[in-house]
Each structure stands twice: as C-alpha cells, then as structure tokens.
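Working notes, structure below.
Labels below follow one simple rule: chain letters A, B, ... track the order of the sequence lines, proteins then strands, and each chain is numbered from 1. Because the structure is a prediction, the values reported are computed rather than measured.
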There are 4 protein chains.
Amino acid sequence: MARGINKVILVGNLGNDPEVRYTGSGTAIATLSVATSESWTDKQSGERQERTEWHRVKMFGKLAEIAGEYLKKGRQVYIEGSLRTEKYTDKSGVEKYSTDIVASDMQMLGGPGGGEGGGSGGGGFQRERPQGGQRQQGGGNYGGGYDNQARGGSAPSPSAPANTGGFEDDDIPF
Amino acid sequence: MARGINKVILVGNLGNDPEVRYTGSGTAIATLSVATSESWTDKQSGERQERTEWHRVKMFGKLAEIAGEYLKKGRQVYIEGSLRTEKYTDKSGVEKYSTDIVASDMQMLGGPGGGEGGGSGGGGFQRERPQGGQRQQGGGNYGGGYDNQARGGSAPSPSAPANTGGFEDDDIPF
Amino acid sequence: MARGINKVILVGNLGNDPEVRYTGSGTAIATLSVATSESWTDKQSGERQERTEWHRVKMFGKLAEIAGEYLKKGRQVYIEGSLRTEKYTDKSGVEKYSTDIVASDMQMLGGPGGGEGGGSGGGGFQRERPQGGQRQQGGGNYGGGYDNQARGGSAPSPSAPANTGGFEDDDIPF
Amino acid sequence: MARGINKVILVGNLGNDPEVRYTGSGTAIATLSVATSESWTDKQSGERQERTEWHRVKMFGKLAEIAGEYLKKGRQVYIEGSLRTEKYTDKSGVEKYSTDIVASDMQMLGGPGGGEGGGSGGGGFQRERPQGGQRQQGGGNYGGGYDNQARGGSAPSPSAPANTGGFEDDDIPF
DNA sequence: TTTT
DNA sequence: TTTT
C-alpha cells in the first residue's frame, strides 16, 4: 500500500550492456544505465546545446533476467518504475546518496538495435502491465510478463508472437 | 504481454457515487464518472472559458469493491489505467463506440471531500503499484491492494469473461 | 489552467499514414491511428490471445506538420496527450461519441519501421534509431520541439545539428 | 527538444514549507520536499512495514512563485517533472551527487490541508499543461499558468549545469 | 520533514 | 454529474 504516487517513465538508450548479478537466494538483479537527452538552441548564442541525463535503473527477478538476456548497449527501451534514494557511507566514511529507478515494467523499443546486433527477436517481448478487462478474461498469463508484478513461477517464456505490429487496414475502426 | 504502452493518468473528481454491480461469478465491477476540467481566459473576449472532460472509468474485483465502499460523489481521485474502446450496437441497431478507462490503480486524494461528507477515512486504502525491490525481497504483501495487478489468492476471479464492460443501452455515454 | 490531470501516454505503431488537413486559418491538423496490443496465454485453453487497441490521435499545428511529414504507417511512436470526447451527430442524425487523444508531445521510436519499408522518413528525423553508439551519426535531430508546448514562431527546423544522443562509455557516470 | 522521455509523476505531501530564493535576474527558484510512502504487511512477521521516499523538487519562475505562495507543509500535491542529477563538491571537498525533480507542472490536491491550515485560495491556480487543440485555436491563455512550459520571455533558465553524472565505483552503494 |  |  502506498500513500502517494512515485512514478518514473523513461524512454532512452542503454549506455552499456546490463550488469546482472544474483542474490544469495538466486534473485537476479540487473543494473542499467539509460540515457535521455535533450537539446535546444541557446537563445543568446544561437548555438546548439545538449544535455544528457543518465539514469541508473534497477530490475529484480524475472525482469532482470530478461534485461540481462535481451538488452544490449545502445538499445532503446521504455522503462516504468519508481524513485528510490539510498543513503550509504563510502569507504572514506562519507555519507552519500544515490537515486535509482526501480523498474516495474520494461519494453524494448524499435528493432533489436544495439551496437553488436542486439538480441534477436526482442520485438515479441515487449509488454505492458496487464489491464483489468483482459486480465479478467481467463486468466491473464500473458506468456510474456515483463512486469515485476505479474510474475509467478512459470517464467515469462520469451518465445512469443513475433507478429508485432502487423495489422491490416481493416482492423482499424476509424 | 503487450506490444505498446496504453496508459492513462487522471486526477479528477467524481461526478456521482460509483455504480457497482456484480458478474454472475461474483466479481465486482464499478463504473465511475471522473471529471477533469481546464479553464483559461479567452484572448479576444477576455472572458473566462472552461471545458470539462468526463471520463468513464471501469474497475474490477477488489478495486471495484473499494471504490464502491469509499468513493463518493465529489471525491478527488487519482486513477491509473488503460484505454479500451468497445463497439456495440444500440437498441436502434446503430453501431457505436464507447471508450473507457480500465483502472489498474486508484488513490483517494485530499480529505474525504465530496458533497455529502464522503466516506470517512478511506486513507488506509490508497495504494500504489508495488515496486520491485520490496516485492522481491520477500516482503511485499501490502495489506491494502488497491491495485488490480497484485492480487494473488482469492483474486477478482479472472474468469468473468465477456461480461466485463458488457454494456446495456442505458450504460451509454453518460 | 486545469483542475485535474488528464494524461495519456502511448507507445504504439501507426496503422496508416497520418491524415493531414488544414483549417481555414492554415493550422495543420493530423489524425493518427495508433495501435497498442497485448497478448497473453489463456489459462484454460492454453491458447494465445491477443487484443489490439486502436487509438485515434489528433495533433495540431507544428506537431501535425511534423507528423504528416515524417510519420508513416507501421512506425512506432511515443505519444503524450489528453483525452477529449466529442459528441457529434452523424449523417443519419444519430448522436455519437468519439474519444480522441489530443497529442501534446510525440517522439518517433526505433527505426523508420513500417509495413512497406517505411518511407525514408526524411533524413534528420529518422532519429531514435538506436544503433547503439551509432545513433549520433546522423540520426536524430529535429532541431525543434516536437512538443506542442515549446513551440514559438520559429518552427522546429527539421534540419539541424544531428549530434544528439551519441555517447562514449566514459560519459556514463556509473 | 528531447531525445527520449524523462518523466516523473508524484503525488505526495510536503514535508516542509517550500524554500524560495531568487536568482540575480529575479527568477524564483523553489525547493520542495515531497514524501511518497508505501506500507505493507510483512509476510513473515505479519508486522506492518513502511517506507517513505523523499523527493527534492525544484521549480522555477512562475511555478516557483506559486509554490512559495500557496504550498505549505503537509499539503498534498501532484508534481510532474523530469529527473536531473547534479554533481557537486561539498564544503569538505567531497564529490557528491544529488538527484532532483525539475517540475514542469504542479497541482495542489485535496483541501488546503497542511498542519497550519494552509493557504485557502490555491484552488484557482491548479493547472495542467495546456493541450493542443485549445492552444492552437487562439484561446489558451489560462490565467493561471502553473506550467514551466508555457513560459515565454524570461524563461527560468536553469542554466544547463552540464555537469551530469560521473560516478566513481566507490560511490556506488552496492 | 509529510501523510494515513 | 464533479471541482475551483
């Protein structure tokens, strides 16, 4: 339960391959560096300015495993999560703070992208948090499950439909 | 699984008490009318303009029950969900479309608000989608569960097919 | 000014090329059909289910012009906007409702995509093509403001500098 | 312009009255501490757990002035903005990082709330980012303007600090 | 430091 | 039909 909303939405590119490690109990933890940048023309100078923001994103469990398997440096991703700031003391005894985004949802965007070819399919794996209606209808297992929420034991089975985005004109109701 | 993101975030006020009904299998379905409005001063006339948008929000299962119990006309709420457009044929045989927001998260905002005093506390029930870290690490039960996702055991009966959103003519566009 | 939040976030694919028309005063209006879909495995049947949601997105002004010029059928886009339901009377005299998303922000995602090979998309705008570190080599630029907000009079200058988004490993602060 | 999406949405309560200061050129800068908390029942112990997240929110220009005037400790607010991490050197010469949310939109929620009764008014000032349609069509002045976007002339000029990020391995708390 |  |  929460009193409040703490939500982050990112669309950006990975600056590196994800780093994945495992807890003693075997839970995967992935750390991603995601860049979002904005540029603008300076009013005075008329020069082009740019600022890149780097976000450290943490994923746990199945989501972390998928990230480790399919995400690669350069890949464009959609991330949804929440902010978590942690205080720690570095080895010099100095107190510091570090702010992460704990991901609850992830989707790979565009093609496989990535410098080195990226994970194959990819496409078939994007997913979003299941929404009420459909979930009702039988079950919502949605083979995918890139969501830190819906995870059961069965694994997200990164096989999948592939048929992403394929549609006929007639499908469109307007 | 989803290819794409279909997300709606609303902060608005209820125009009416929620309407709650039950499927054959006992799943609660709540329908809310949520108003968001914006106003501005017309450049030409200098007059105050206002436009109110009414949103039909559907909730299922536990979320619907909480809505039915604690939400009242006038109450301010945060809603997160997704868009779902349904086609139906009205009694005159005319094809129509109706767009709902299927809520996956809800939080009551501010005080009880509402014309008639609103439900008392409520407070204890607001919740947010659980976030990675905690969930993983054994914890995460969060007594409340205002979220259509996190439900385990009893569940809002993810059976209840069809009938979700099944419209009657009277249900139509506000 | 607004009392309330009315926000939609979509990541989906265009079902068609945008339709662009102009008001008497010369303002461009673009209409897009954006698909978001989710799929899941039915618990009972074990069969793959899929549901595609179609969203009608409206854009105005500069944003509409950019959409008309660079977006093509099949292309993946990020859309941010708000819901607007309009009542109208069709030619048979039947009252109907139509819910649109009025876009305030848009970003092209991934490569040009598109069923038919996606139009080149127009040099500078192919942006968002995450080729790892290669992105910077000529991708993304749209010098200006795909945002209905930031627009001044100067136009978004779809030419522009290019160098957006490139990064070396060293740039990453963690 | 942006390559990527960097968006934060918060609903939380102010831990203190906003701190407002002014740049040499007279632009207001407000700093807010916003709490979002979540609680849950621990599976093992059955005890109630709670975690509160504190967010530092920065506002510039008109938005900062409104915050300074109407927001008070305890008040519930909706904040929309983006993440910005800054590196700085504290007085002991230690390099530190600080992550802020730069607000682009704010709305006061619920009643005046707050320990000391809060400023009444408020209400009239909530606003949301203007949406395409109206803006285009000549209207859109919206007396309020709680939005960091719509600003023309002076601009808040957070003077692009450039110095984004830059961690050492030692800084990392895990 | 808030809120429930 | 709400809210300010």
Side-chain angles (χ1 to χ4, degrees), chain A residues 1-6 85, chain B residues 10-19 31-40 48 50-57 70-77 79 107-116 118 120-128 142-144 146 173-174, chain C residues 1-6, chain D residues 10-19 31-40 48 50-57 70-77 79 107-116 118-128 142-144 146:
Chain A
M1 184 187 100
R3 174 161 185 75
I5 297 295
N6 172 1
T85 296
Chain B
L10 301 179
V11 173
N13 297 276
L14 272 73
N16 275 318
D17 290 353
E19 293 170 23
T31 304
L32 284 67
S33 284
V34 177
T36 57
S37 48
E38 50 186 322
S39 56
W40 65 95
R48 204 68 192 155
E50 178 162 1
R51 177 186 167 89
T52 295
E53 191 68 38
W54 286 98
H55 310 271
R56 178 160 47 197
V57 177
Y70 297 100
L71 293 184
K72 295 291 173 215
K73 175 177 173 175
R75 179 98 201 206
Q76 191 180 30
V77 285
I79 299 282
Q107 285 201 26
M108 295 178 244
L109 301 175
E116 49 268 43
S120 70
F125 300 80
Q126 289 102 326
R127 72 166 307 286
E128 184 193 356
Y142 1 52
Y146 272 24
F174 331 110
Chain C
M1 184 188 99
R3 174 163 185 77
I5 298 295
N6 172 0
Chain D
L10 301 179
V11 173
N13 297 277
L14 272 72
N16 275 318
D17 290 355
E19 292 170 24
T31 305
L32 285 66
S33 282
V34 177
T36 57
S37 49
E38 49 185 325
S39 56
W40 65 96
R48 203 68 192 157
E50 177 161 3
R51 178 187 166 86
T52 294
E53 190 69 35
W54 286 98
H55 310 270
R56 178 161 46 197
V57 177
Y70 298 101
L71 293 184
K72 294 292 171 216
K73 175 177 174 175
R75 179 96 201 209
Q76 192 180 30
V77 285
I79 299 283
Q107 285 202 25
M108 295 177 245
L109 302 176
E116 49 269 44
S120 68
F125 298 81
Q126 289 103 323
R127 72 165 306 285
E128 183 192 357
Y142 3 51
Y146 273 24

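Distance, B:Glu38 CD to F:dT3 C1': 14 Å, rounded to whole Å. Atom CZ in A:Arg3 sits about 19 Å away from atom P in E:dT1, given to the nearest Å. Note: CD (D:Gln107) to P (F:dT2) measures 19 Å, nearest angstrom. Atom pair B:Leu14:CG and F:dT2:C1' shows a separation of 8 Å (rounding to whole Å applied). Between the CD atom of D:Glu50 and the C1' atom of E:dT1 there is a distance of 13 Å, rounded to whole Å. Remark: P of E:dT3 and CG of D:Leu109 are 15 Å apart, rounded to the nearest angstrom. Taking atom CZ of residue B:Arg51 and atom P of nucleotide F:dT4, one finds them 21 Å apart after rounding to whole Å. Nucleotide E:dT4 holds its C1' atom 10 Å from the CZ atom of D:Arg48, rounded to whole Å.
Ring stacking holds between B:Trp54 and F:dT1, with the centres under 5.5 Å apart and the planes within 30 degrees of each other.
Remark: the B:Thr52 side chain and the F:dT3 base include no donor-acceptor N/O pair separated by less than 3.5 Å. On a pure distance criterion of 3.5 Å, no polar donor-acceptor pair joins the side chain of D:Thr36 and the base of E:dT3. Scanning atom types as modelled, no donor and acceptor separated by under 3.5 angstrom connect the side chain of D:Asn13 and the base of E:dT3.
Expressed to the nearest 0.5 Å, how far CG of B:Asp17 lies from NZ of B:Lys72 amounts to 5.0 Å. Separating the CD atom in B:Glu38 from the CZ atom in C:Arg3 is a distance of 14.0 Å, to the nearest 0.5 Å. For the atom pair B:Arg75 CZ and B:Asn13 CG, the distance stands at 10.5 Å (nearest 0.5 Å).
Residues satisfying the side chain to side chain donor-acceptor pair (under 3.5 Å) test with D:Ser33, not counting sequence neighbours, are none.
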